[in-house]
Amino acid sequence: MSQSMAAKHAIWPRKKDIIFNLSERAQRAEKNIGRENVINATIGALMDDYGRLITMETVYNEYKSIQNNDIAAYASLAGQPEYIEAVKKACFKEYMPEGHIRVVASPGGSGAIKLAVCNYTNPGDQILTSDWFWSPYVIISEEVGRKIDTYQLFDSSNNFNFESFKNKFLEISDKQERIFTIINTPAHNPTGYSVSDDEWDKILDLSKDVAKNKDKKIILFVDVAYIDFATKENSRAFFKKFSNLPENILVIVGFSMSKGFTAYGMRMGAAIGITSCENVAEEFHYSCVHSCRANWSNCNRGAMTLLSNIMKDSEKYKEYNEDKDRYKKMLSVRAKTFVEESEKIGLDILPYRDGFFVSIPCENPMEVCEELTKDNLYLVPLKMGLRFAVCAVSESKCKIAPRIIKNALEYIESKKVIGEK
Ligand SMILES: Cc1ncc(COP(=O)(O)O)c(C=O)c1O
């Protein structure tokens, strides 16, 4: 046996990241046969029609105006005070919930998930999320000995499957002290679904019901990484529902600058704790700050200053919003094109509301994905289907992609039927 040095708990299957792998293949194809002949729907970032990463002018002009010492200096562990205020404003806008709110800076939304998982679950605990989910939830949870359990996001009519959510929530609450649930909304990755206000009411009513047992601790982690691309007028209204909840329900919002500020590599976000109990809020602050010190110390000070400067200057904020709205519109047009074309030709997709991705349920996603590469269409295979990144594909390609996908699905299906005969 060859030498191994890593501690047992640090040895994981040696899998290459499938998304980066497919993305590399797509880029190679673009080089070989021309960008116009390839559909690269693997990338989880806004790309322009020529396949270039979109960077918001207002964001990067501001960043470049920051003094060196404001980029270079250490920041405070919980985040600079101005950043903490800026995060509340950027995240909640006019829908700030009532209660005790604490913000702790983190490296992206990923850092916020890590803070919440580590500090609000015990080793061996099950964490609940939907069966369509962003795979790093598993990596973050497993790294620290927690497991992900799932409910079915959609029922057979493609509506939010509250029954499944409720059953799993109650099942976990029967066996654990803590019920930690991750809800990625609005603009869920990978489906593009957004939980409606009525569905939020049901989730919160169920949580309140379980919270009558004071021995239970309910933590709702709301991952809002894509909230800036939610198109509904009052898409932040649900935040108000987190006001005055029972003391044994803690809401933690995972905020990220990655998408809303096209600042993916700056690694800046925050965990926002919302509670009706001051002690729970203070405890949240100190638990998270301890983890910051233990894991990454302080965060990117320049990125904090960037957000603070934009949020405190109404003119800059207005210009930033205009900048962002252009890309939001671009994204909506692409998604609408993909969804409408899918409907027209009868390609089954999951209910899309907003965001960077559309998902297509299917069997054998890996095989379909490989088949599609023969048509120079690259997307991401998931456990239960395919993820198409409308954020990275031009409108004209969004129009032709559904037909290519449908043909590949039918071809794989026909091969299976012949194989069965
Ligand atoms: C669902 C979801 N949550 C959170 C994140 C966090 O991203 P970051 O750590 O870059 O802020 C992402 C990024 O792709 C995501 O897709």
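Remember, predicted model here, so these are calculated numbers, not experimental data. Every number for a ligand or one of its atoms is a count from 1 in the order of the listing.
Residue Ser258 has at least one N or O atom closer than 3.5 Å to an N or O atom of ligand 1. Considering backbone and side-chain atoms alike, Tyr264 places every N or O at 3.5 Å or more from each N or O of ligand 1. Between Ala225 and ligand 1, no N or O atom pair is found at a separation short of 3.5 Å.
A salt bridge is defined here as a Lys NZ or Arg NE, NH1 or NH2 lying under 4.0 Å from an Asp or Glu carboxylate O, and Asp228 with Lys259 fails to meet this definition. A salt bridge between Lys318 and Asp313 is absent, with no side-chain N of the basic residue lying under 4.0 Å from a carboxylate O of the acidic one. Using a 4.0 Å cut-off between charged nitrogen and carboxylate oxygen, Glu62 and Lys316 count as a salt-bridge pair. Salt bridge annotation for Glu282-Arg102: present, with a cationic side-chain nitrogen under 4.0 angstrom from a carboxylate oxygen.
In terms of protein heavy-atom proximity, atom 4 (C) of ligand 1 is closest to Asp223 OD2, 3.3 Å. Looking at atom 9 (O) of ligand 1, its nearest protein heavy atom turns out to be Ser110 OG, 2.5 Å. Ranking the protein heavy atoms by distance from atom 1 (C) of ligand 1 puts Asn184 OD1, 3.3 Å first. With respect to atom 16 (O) of ligand 1, the closest heavy atom belonging to the protein is Tyr226 OH, 2.6 Å. For atom 5 (C) of ligand 1, the closest non-hydrogen atom on the protein side is Trp134 CH2, 3.4 Å.
Distances below 4.0 Å separate heavy atoms of Ser256 from the following atoms of ligand 1: 8 (P), 11 (O). Heavy-atom contacts of Gly108 reach the following atoms of ligand 1: 9 (O), 11 (O) (cutoff under 4.0 Å).
Side-chain contact, Ser276 with Asn244: no donor N or O sits under 3.5 Å from an acceptor N or O. Checked by atom type, the side-chain pair Asp198/Ser196 shows no donor-acceptor distance below 3.5 Å.
More than 12 non-hydrogen atoms from other residues, nucleotides or ligands lie less than 6.0 angstrom from NZ of Lys240.
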*Using the side-chain hydrogen bond (donor to acceptor under 3.5 Å, both in side chains) rule, take Tyr193 and Asp354 through it: C-alpha gap first, then chi angles, then the decisive distance, then the call.*
CA-CA 7 Å; Tyr193 190 70; Asp354 287 303; over 6 Å; no
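Using 4.0 Å as the threshold, Arg267 has a heavy atom nearer than that to some atom of ligand 1.
Of the candidates Lys259, Met257, His188, Lys259 brings a heavy atom nearest to atom 14 (O) of ligand 1.
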